[in-house]
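In listed order, ligands and their atoms are each counted from 1. Note: hydrogens, waters and symmetry copies are ignored here, and every other heavy atom, side chains too, is used.
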Amino acid sequence: MESFLLFLTVSLSWVVVSGLSSSEFIYPNFTASNLRFIDSSGSFLFSRNGTFKASMLNPGTQQTNFYLCVVHVASNIIIWSANHDAPISNSGEMSLTVNGIAITDRDGSFKWATPPLKSSVSLLQLTEMGSLVLLDQLNETLWESFDYPTDTVVIGQHLPVGIVLSSAVSNSDLSTGDYRLAITASDAILQWRGMTYWKLSMDINAYVNLNYAVEYMALNQTGLWLLGKNGSVVIIQVNLFPSDFRIAKLDDSGQFIVSSFPAAAQKQEFVGPVDECQIPFICGRIGLCADDTASDTPVCSCPSNFRASSQNTKSCVPSDDLNSLPVACNSTYINSGLNLSSVSYLGLGYGVDYFANDFAMPVKYGVNLSTCQDLCSADCSCLGVFFENLSGSCYVLENALGSIMSSTTSDDDRLGFIKTLVKDSPANFGGNNSSSSQTQDFPLVALVLLPFTGFFLLVVMGFFWWRRSRLAKTGTGKLGYQTSPSSGNLDAFSIPGLPIRFEYKELDAATDNFKTQIGSGGFGAVFKGTLPDKSLVAVKKITSLGVQGKNEFCTEIAVIGNVHHVNLVKLKGFCAEGRQRLLVYEYMNRGSLDRSLFGNGPVLEWQERVEIALGTARGLAYLHRGCQQKIIHCDVKPENILLHDHFHAKISDFGLSKLLTPEQSSLFTTMRGTRGYLAPEWLTNSAISDKTDVYSFGMVLFELVSGRKNCSPRTQSHSMDKDNSGCGHSSSSSGRGLVYFPLYALEMHELGRYLELADPRLEGRVNSEEVEKLVRVALCCVHEEPALRPNMVSVVGMLEGDFPLSEPIVESLNFLRFYGRRFAEASTIEETNGQSDTMLYQQANTACTSSISGSNVILSYVSSQQISGAR
Ligand SMILES: *[C@@H]1O[C@H](CO)[C@@H](O)[C@H](O)[C@H]1NC(C)=O
Ligand SMILES: *[C@@H]1O[C@H](CO)[C@@H](O)[C@H](O)[C@H]1NC(C)=O
Ligand SMILES: *[C@@H]1O[C@H](CO)[C@@H](O)[C@H](O)[C@H]1NC(C)=O
Ligand SMILES: *[C@@H]1O[C@H](CO)[C@@H](O)[C@H](O)[C@H]1NC(C)=O
Ligand SMILES: *[C@@H]1O[C@H](CO)[C@@H](O)[C@H](O)[C@H]1NC(C)=O
Ligand SMILES: *[C@@H]1O[C@H](CO)[C@@H](O)[C@H](O)[C@H]1NC(C)=O
Ligand SMILES: *[C@@H]1O[C@H](CO)[C@@H](O)[C@H](O)[C@H]1NC(C)=O
Ligand SMILES: *[C@@H]1O[C@H](CO)[C@@H](O)[C@H](O)[C@H]1NC(C)=O
Ligand SMILES: *[C@@H]1O[C@H](CO)[C@@H](O)[C@H](O)[C@H]1NC(C)=O
Ligand SMILES: *[C@@H]1O[C@H](CO)[C@@H](O)[C@H](O)[C@H]1NC(C)=O
């Protein structure tokens, strides 16, 4: 502050030779140019305490483009500029009149002005928050720069839904660049030419608290917030260390950066996306971006079939000069009457991906590569495709081509193809177009073979996973865990999101010596407890894990503890003392979904069920895509969906399979997963993936619709027969009073009679469109071929209504008929232990939860880490 006063004094002393910098206010009939205020570098107005200044300046070192800017003095960061798309020369002027601010160039040509105002301006104020405000005689605000943000938000400024930040082209050219930060009703997203490349809700440092509608984004001393309900509820938050001043800026690099200024030192606190290869144009058009672990800067090259462009070093062009890249919907291209035979596709090779693929929907599922390419050829805005071999998903790249990311994750089998125009003869077509050689049919697993191979595969699989898990375990622990001496907790050095460490005796006291048991999960009993701050908790006492190294345990806990989503049960803390392993979760006052849904209490109303379905889907989508490490739940079922006030659903028990050590899972012990919700791939040789959870979620959706267990005997179900005489009599789904509900749903889907599937206890209090939607989404989720199941992001989209509903593929649902028949037969056989059973019987059990739940689960081991690895 002293140095500022000094500075102010110095600038005051120039009064005679140049313009005088004012403090806080200036009045109409004022003009400023860089030349006139040359001695204060163009600054003509300071905020009261000198935190901000308004200047006519030329950023960077360039000498031609001058802008009216608001600058944060201490950091010299431009937080706002008026004429960013219409620069002026050093003698161009800003003038303040009773009509507002206008900017004209040296020759008097108009460049920029404030919009028409409703009354006359009496003064212009630069506030201590950094806003330029035009006030009238009554001190009423006529206009303020905070309402017209450029690329920056500061503390005190609100960025409402619908207003975007746009990056500048560069540090010295403030004209509007290609990157945007937009606030949507549920998120803050970054886009490049209409394509999303980052979402705040999916950032590892963001906590998603609520699903209310977002109204604006704000920044304050303790974090970055998306707020709703007029600022009274926090929807997404990023906790930051307390700091008096911070700036959030959409950098010209395409990254959204929050920096704080505790002293003069600039500190970046939050960056999205962190991985620079996720930035759409980091390596230019079709440039291949690879992370260089050594230098920490991305390395650009050209993918196979491409070479560096001779004109523009930062872009790649086809190596073969006969191929040229089309311009999206270029009229020359359309009018030249090009026919499809002159369009070709250049493969990008293996191990590459596109930044937008994780945020976009494929335009088609279950097609082959040539169909995918034909879609692109027929669309002038399409410039290339990414094709997922396994699922037949077709992603199109539209309007503009960005950089390509090199992708090392093994679960990405997307292949990229760039559309090119073949200049010469059509004979080139197909020459090196890899389409024909790279299309393959899905390996469809024939159910008939299962009785013979299933058991063998199970053994092999178990062994395989066990080996992989051993390998995977060695390289984990991305999130460092702060080990503190056994003191009470880590308050002294608290990292946002890291759970609290409890002492055993604290938890013993909190639960009154483990008196009230409220549940028993796969890993041990759960007790109700009350912490000293009076908050209710659920304490899980882990018994089935055996003793595990404290460090491994803590590393995993740090991962789970860093997962924050409104639809996931929050891990509040843990205890690892001696042989004791306890997890402390937030307490959910309504218990698990199975109790509300199947119990004898008041019937769950339809709207509540829809909310629960959506909440559960959102939670799973976050686990699969949102966290740094993909987490596959492996045990999605009503027992693991907990309800809170207003039937707000939260998923529990995620991430726990990681806590198992391979040694404990001698071949196949302790598989996560419960019959009835288990996907067929547990018994086939298909890999376990996020699609395994999608299957289980589909099974839960059926139960939400029907209000009963998918395989409960009809006699025990809620008077299905009474009001539904047609129920399955003529169909294969009924047999000796048993209905396998998913099959019944398939049959009703084929007949278009969705309403008959709804829980009869609701007595028609349902929304028929929503019943159809839930049933169709559920059917898509349980496709036998995992690749044909939508991912959870798409499921959420379909449930929310943003994505069109997919059509269930009956060929991939026929296995339900088989399960249904087996179920009907098996239900007459007494329950015995799995080993002596035939595989058919085991299959039937896979379809349905046994009544003696828990005692005869098929055992195997899966760690979510080795399934997917770090993203
Ligand atoms: C500003 O100038 C206009 C004419 O140029 C004059 O009519 C007006 O009174 C002036 N206003 C003030 C506040 O000096
Ligand atoms: C300006 O600075 C003074 C003293 O440093 C402080 O008391 C006052 O709150 C500041 N005003 C604003 C608007 O920040
Ligand atoms: C407007 O605000 C200024 C500065 O805060 C003050 O001096 C003036 O009296 C105010 N005028 C009215 C009409 O409130
Ligand atoms: C920052 O904003 C959040 C959300 O509105 C609020 O909970 C928090 O108390 C604020 N922090 C400060 C220091 O004002
Ligand atoms: C929103 O909050 C502001 C201040 O917090 C208050 O002045 C305003 O009346 C509120 N608006 C509504 C619609 O509640
Ligand atoms: C369309 O493409 C032609 C040839 O490739 C090029 O000369 C022309 O400038 C392009 N037009 C537009 C609007 O991009
Ligand atoms: C379209 O392709 C056919 C055969 O490939 C060729 O004979 C014809 O001339 C082409 N049409 C145009 C307009 O280039
Ligand atoms: C791709 O699918 C389409 C339509 O399903 C079919 O006509 C075509 O023969 C298939 N192409 C290949 C190469 O399999
Ligand atoms: C296709 O590619 C191979 C090597 O990748 C090359 O030898 C061959 O000449 C190419 N053929 C055409 C028609 O471009
Ligand atoms: C498609 O997937 C199958 C099975 O994973 C694989 O064998 C085949 O090589 C893949 N095809 C391409 C073109 O990658």
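Remark: among candidates Leu369, Val367, Thr371, Asp374, the nearest residue to atom 4 (C) of ligand 8 is Thr371, based on non-hydrogen atoms.
Listed by number with element, the atoms of ligand 8 under 4.0 Å from a non-hydrogen atom of Ser370 are 1 (C), 11 (N), 12 (C), 13 (C). Remark: ligand 4 atoms within the under-4.0 Å shell around heavy atoms of Asn220 are 1 (C), 2 (O), 3 (C), 8 (C), 10 (C), 11 (N), 12 (C), 14 (O). With ligand atoms numbered from 1 in the order given, ligand 4 contributes 1 (C), 10 (C), 11 (N), 12 (C), 13 (C) to contacts under 4.0 Å with heavy atoms of Thr222. For ligand 5, the atoms closer than 4.0 angstrom to any heavy atom of Asn230 are 1 (C), 2 (O), 3 (C), 8 (C), 10 (C), 11 (N), 12 (C), 14 (O).
By the 30° and 60° cut-offs, the orientation of the rings of Trp198 relative to Phe256 is tilted.
Under the 3.5 Å distance criterion, the side-chain polar atoms of Ser243 are matched with a main-chain donor or acceptor of Phe245. Judged by distance alone, the side chain of Ser377 and the main-chain N or O of Gln373 form a donor-acceptor pair under 3.5 Å.
Atom 9 (O) of ligand 4 is not flagged as protein-proximal [any protein heavy atom, distance under 4.0 Å].
Trp225 CH2, 4.4 Å is the protein heavy atom nearest to atom 7 (O) of ligand 4.
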- Task: Would you please test Arg817 and Glu750 for salt bridge (charged side-chain N to carboxylate O under 4.0 Å, His left out) and show each step?
- Result: CA-CA 13 Å; Arg817 302 184 209 278; Glu750 288 175 319; 3.0 Å; yes

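For the atom pair Gln157 CD and Thr152 OG1, the distance stands at 8.0 Å (nearest 0.5 Å).
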Contacts table for residues 217-236: side-chain donor-acceptor under 3.5 angstrom, sequence neighbours left out:
| unit_1 | atom_1 | unit_2 | atom_2 | d |
| --- | --- | --- | --- | --- |
| Asn220 | OD1 | Thr222 | N | 3.0 |
| Asn220 | OD1 | Thr222 | OG1 | 3.2 |
| Asn220 | OD1 | Gly223 | N | 3.2 |
| Asn220 | OD1 | Trp225 | NE1 | 2.9 |
| Trp225 | NE1 | Gly223 | O | 3.1 |
| Ser232 | OG | Lys229 | O | 2.7 |

